[in-house]
Amino acid sequence: MPEGHTLHRLARAVQRRFRGGPLRITSPQGRFAAGAELVDGATLRRAEANGKHLLLDLGEDRHLHLHLGLFGRTTIGEAPAPQPVGAVRMRIETDTAYFDLRGATVCEVLTGTVRARLLSRLGPDPLRSDADPDRAWVRLSRSTRPVAALLMDQSVVSGVGNAFRAEVLFRHGLDPAQPGRDLTKVTWDALWADLSLLLADGVRTGRIRTLRPEHGRNRRTGPRHYVYRRAGERCLVCAQPVSVAELAGRRLYWCDSCQAR
DNA sequence: GCCTTATGTTCAC
DNA sequence: TGAACCTAAGGCT
């Protein structure tokens, strides 16, 4: 479930369970064998997330960079680690815990210089206290691209994925096709604040919860989102069918009536 | 079992 | 714009 909240949640868990060391780092599947050799036996100084990237500082100018992509999955558990089943790209073990990574898009060791270059490409992350939303506003307010595309562009804002994109636009009644430069600063500030709240809730709960209480936030059954993955179903607010369209290779969901310009 | 889909990114054309 | 990457889950048969 990799949007930004997943990675921040993971960073916290890794920091709590694996700080210190030494760490036994291996690649049972073999695809990360060379990288694992570089960092096996290292000590974890710090684990942090930037957008959807997880970075582990292992000292001696070695930074383990993970990106889950669409398929990446992680498992954290108590030692002893079970016999690896299937494609475990990387395993980190201590005497008390283990961490398994499968299916990730990226698993590599970077120098501090390359790490800095990577981070410089990312827009502000609503989950980070050092983020500057005005940097995103500069991009948004000058762009003719649809706001729905800009929110998914990690160099504009980092950490927002398809689910949060659809939901936050619905919560603010915004037409996804509206060009970025047509947004007001007030609207952007509200979007940013809402993204910060929604993502932070995701870090706490491990889920994407976007419904307001009056629309079933605490209900156990029924829809969990306003529009995301609800194509053709009734909008929770106006009962019109939810729309879906392909935008830049991803499915975009919205309510034509609640999100009219 | 097989087929589809998926909360993502990069690269080739 | 489309394919490739790569794994798991859910719906279907």
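Being a predicted model, the structure only gives us computed values, none of them experimental. Per chain, numbering begins at 1; letters A, B, ... match sequence-line order.
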Peer 1: Is a donor on one side and an acceptor on the other found under 3.5 Å between the side chain of A:S143 and the backbone of A:R139?
Peer 2: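 Answer holds: no.
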
Peer 1: Whole angstrom is fine here: how far is it from NE2 in A:H67 over to C1' in B:dT9?
Peer 2: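 The answer, rounded to whole Å, is 7 Å.
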
Peer 1: If only side-chain N and O atoms of A:K52 are considered, is one of them under 4.0 Å from the OP1 or OP2 phosphate oxygen of B:dT7?
Peer 2: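 No, A:K52 has no side-chain N/O under 4.0 Å of OP1/OP2 on B:dT7.
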
Peer 1: Between B:dA6, B:dG8, C:dT7, which nucleotide gets closest to the side-chain atoms of A:R102?
Peer 2: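 Between B:dA6, B:dG8, C:dT7, the one nearest the side chain of A:R102 would be C:dT7.
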
Peer 1: For a quick check of understanding: with a heavy-atom distance under 4.0 Å over all strands, which category does A:A87 fall into, base, sugar-phosphate or nothing?
Peer 2: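 Sugar-phosphate contact only.
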
Peer 1: From the set B:dT7, B:dT10, C:dT7, return the single nucleotide nearest to any side-chain atom of A:R121.
Peer 2: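 In terms of side-chain proximity for A:R121, the closest of B:dT7, B:dT10, C:dT7 is B:dT10.
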
Peer 1: Say we look at B:dT7 and C:dT1: how far apart would their C1' atoms be, to the nearest angstrom?
Peer 2: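 The same atom, C1', in both gives a distance of 23 Å.
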
Peer 1: Indicate, with a heavy-atom threshold strictly under 4.0 Å, whether A:R165 touches base, sugar-phosphate, or nothing.
Peer 2: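 No contact at all - A:R165 keeps every heavy atom at 4.0 Å or more from the nucleic acid.
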
Peer 1: I want to verify a distance call: between B:dT9, C:dT7, B:dT7, whose nearest atom is closest to the A:Q29 side chain?
Peer 2: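 That would be C:dT7.
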
Peer 1: Salt bridge check, A:R230 against A:E167: does any charged N sit closer than 4.0 Å to a carboxylate O?
Peer 2: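 Salt bridge absent between A:E167 and A:R230.
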
Peer 1: Give the nucleotide from the list B:dG8, B:dA6, C:dC5 with an atom nearest to the side chain of A:Y228.
Peer 2: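 Given the options B:dG8, B:dA6, C:dC5, the side chain of A:Y228 is closest to B:dA6.
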
Peer 1: Measure the distance from CD on A:Q154 to P on B:dT9 and round it to the nearest whole Å.
Peer 2: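 So the CD-P distance, A:Q154 to B:dT9, works out to 4 Å.
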
Peer 1: On a whole-Å scale, what distance lies between the P atoms belonging to B:dC13 and C:dC5?
Peer 2: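 So the two P atoms sit 14 Å from each other.
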
Peer 1: If you measure from the P atom in B:dT5 to the same atom in C:dT13, how many Å do you get, rounded?
Peer 2: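 Straight-line distance between the two P atoms is 15 Å.
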
Peer 1: Counting side-chain heavy atoms from CB outward, which of B:dG8, C:dA8, B:dT5 is closest to A:R73?
Peer 2: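 It is C:dA8.
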
Peer 1: Reckon A:Y253 touches a base, only the sugar-phosphate, or nothing at all at heavy-atom distances under 4.0 Å?
Peer 2: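 Contact class for A:Y253: sugar-phosphate only.
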
Peer 1: A:H65 has an atom NE2; how far is it from atom P of B:dT9, in whole Å?
Peer 2: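 Checked: the NE2 to P distance equals 10 Å.
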
Peer 1: For C:dC5, take OP1 and OP2 only and decide whether either is under 4.0 Å from a side-chain N or O of A:R31.
Peer 2: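 Result: no.
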
Peer 1: Would you kindly give the CG-to-P distance between A:L66 and B:dG8, to the nearest whole Å?
Peer 2: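 After rounding, the reported distance stands at 17 Å.
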
Peer 1: Rounding to an integer number of Å, can you tell me how far A:E3 CD sits from B:dA6 C1'?
Peer 2: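 For the pair A:E3 CD and B:dA6 C1', the rounded distance is 11 Å.
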
Peer 1: So, A:R165 and A:E3, do they make that salt bridge, N to O below 4.0 Å?
Peer 2: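 Judged by the 4.0 Å cut-off on N to carboxylate O distance, A:R165 and A:E3 do not form a salt bridge.
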
Peer 1: Report all side-chain donor-acceptor pairs from residues 63-70 of chain A shorter than 3.5 Å, counting only partners two or more places apart or in another chain.
Peer 2:
{"unit_1": "A:H65", "atom_1": "ND1", "unit_2": "A:E108", "atom_2": "OE2", "d": "2.8"}
{"unit_1": "A:H65", "atom_1": "NE2", "unit_2": "A:H53", "atom_2": "ND1", "d": "2.8"}
{"unit_1": "A:H67", "atom_1": "ND1", "unit_2": "A:G69", "atom_2": "N", "d": "3.0"}

Peer 1: Are A:R24 and A:D95 within salt-bridge range, i.e. N to O under 4.0 Å?
Peer 2: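 Counted as a salt bridge, because a side-chain N and a carboxylate O are separated by less than 4.0 Å.
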
Peer 1: Check the distance between B:dT9's P and A:E108's CD and give it to me in whole angstrom.
Peer 2: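 Atom-to-atom, A:E108 to B:dT9, this comes out as 14 Å.
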
Peer 1: Which of the following nucleotides, B:dT9, B:dA6, B:dG8, is nearest to the side chain of A:M152?
Peer 2: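 So the side chain of A:M152 is nearest to B:dG8.
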
Peer 1: Quick one: A:R89 CZ to C:dT7 P, roughly how many Å, whole number?
Peer 2: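 My rounded result for the distance is 7 Å.
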
Peer 1: In whole angstrom, what separates A:R250's CZ from C:dG2's P?
Peer 2: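 Going from A:R250 (CZ) to C:dG2 (P), I get 16 Å.
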
Peer 1: Could you list the donor-acceptor pairs under 3.5 angstrom formed by side chains in residues 183-190 of chain A, with sequence neighbours left out?
Peer 2:
{"unit_1": "A:T184", "atom_1": "OG1", "unit_2": "A:T187", "atom_2": "N", "d": "3.1"}
{"unit_1": "A:T184", "atom_1": "OG1", "unit_2": "A:T187", "atom_2": "OG1", "d": "2.8"}
{"unit_1": "A:K185", "atom_1": "NZ", "unit_2": "A:D134", "atom_2": "OD1", "d": "3.4"}
{"unit_1": "A:K185", "atom_1": "NZ", "unit_2": "A:D189", "atom_2": "OD1", "d": "3.2"}
{"unit_1": "A:K185", "atom_1": "NZ", "unit_2": "A:D189", "atom_2": "OD2", "d": "3.2"}
{"unit_1": "A:W188", "atom_1": "NE1", "unit_2": "A:P133", "atom_2": "O", "d": "3.2"}

